[in-house]
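Quick notes on the structure that follows.
The analysis underlying the following values was restricted to heavy atoms, covering all of them including side chains, and did not include hydrogens, waters or symmetry mates. Atoms within a ligand are numbered from 1 in the order they appear, just like the ligands themselves. Residues: numbered from 1 along the sequence shown.
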Amino acid sequence: MKIKLINPNTTWSMTDKIGACARAVARPGTQVVAVSPAMGPVSIESHYDEALAAPGLLQEIAVGERDGCDGYVIACFGDPGLKAARELARGPVLGIAEAAMHVASLIGSAFSVVTTLERTIGQAWHLAEAYGMKRFCANVRACELPVLDLERPGSDARTRITDECRRALAEDGSDVIVLGCAGMTDLCEHIAGTLGVPVVDGVAAATTMVEALVALRLSTSKQGELARPLPKAMVGMLKGFTLHDVPASLHQAA
Ligand code: 2AL
């Protein structure tokens, strides 16, 4: 099967790292294609960034549909554009926050999310609420670490994130850690080994869950809310996003 993993930010060093971590957990027969959109913010750490990441992300979903991708992972913890991506895709589309929170709820009694900047805490709570995961979410904490510091050679990101995870376990009453940024994916093993609790990386969780859904022959429901958006003209800079009618055969469940 072919899974397209989209890092909605445009920092390719992070995309390559995320792709490698996804491939490390994927089954032997799974091809993971990791991409960043051709346009958009270099990191996503505000609602503004999320909104401007969505067009490029949707372009990648449209290309993936043309290329026959079986499923998609949106590898940013704000899950930007998730519902719109589901409208465009036939196969399953998972966001890493959604996948990580669900997985965490299955292996502990309460999880703490450890994110980057404090300003991203609100969105993580919003998603926990939207996904029905709030009752499992003991706390959302930040390290005050800009996303691109995760890519900077010599940064103290690993130590700072590990320390915050340790504080979370001591203070929140949680027993599972959820990493709040796709760029933390390569730190998961170290943090889990250091702290001795399950640490959920959404990149790995979403990749293996998409694999499972595809193996189950389950696709995104095209009845109702997540049906393909109506054919419609877009104007100005979004002209290329105009949706034309497509043959119904393309939208039937696999
Ligand atoms: C993220 C993420 O996963 N990728 C990105 O650019 N920003 N999340 C975050 N909490 O900062």
Would you call Arg141 and Asp172 a salt bridge, taking side-chain N to carboxylate O under 4.0 Å as the test?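 The answer is yes: the pair qualifies as a salt bridge.
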So, Ser46 and Asp49: side-chain donor and acceptor under 3.5 Å apart, yes or no?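 Note: Ser46 and Asp49 side chains meet the donor-acceptor criterion.
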Could you tell me whether the side chains of Thr194 and Thr162 share a donor-acceptor contact shorter than 3.5 Å?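 No - no donor-acceptor pair under 3.5 Å links their side chains.
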Give every residue pair that meets the salt bridge (Lys or Arg N to Asp or Glu O under 4.0 Å) criterion with at least one member in residues 108-121, sequence neighbours excluded.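 Sorted result for residues 108-121: empty, none.
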Among Arg158, Arg152, Glu151, find the one that has a side-chain contact (heavy atoms from CB on, under 4.5 Å) with Ser155.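 Among Arg158, Arg152, Glu151, the one that satisfies the side-chain contact (heavy atoms from CB on, under 4.5 Å) with Ser155 is Arg152.
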Contact table, ligand 1 N/O with protein N/O, distance under 3.5 Å:
residue, atom, partner, partner atom, Å
ligand 1, 3 (O), Phe77, N, 3.0
ligand 1, 3 (O), Ala182, N, 2.8
ligand 1, 6 (O), Asn9, ND2, 2.9
ligand 1, 6 (O), Ile44, N, 2.8
ligand 1, 7 (N), Ile44, O, 2.5
ligand 1, 10 (N), Thr115, OG1, 2.9
ligand 1, 10 (N), Thr116, OG1, 3.3
ligand 1, 10 (N), Gly180, O, 2.9
ligand 1, 11 (O), Ile44, O, 3.3
ligand 1, 11 (O), Thr116, OG1, 2.7

State the CG-CD1 distance between Leu94 and Ile74, to the nearest 0.5 angstrom.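 Here the rounded value is 9.0 Å.
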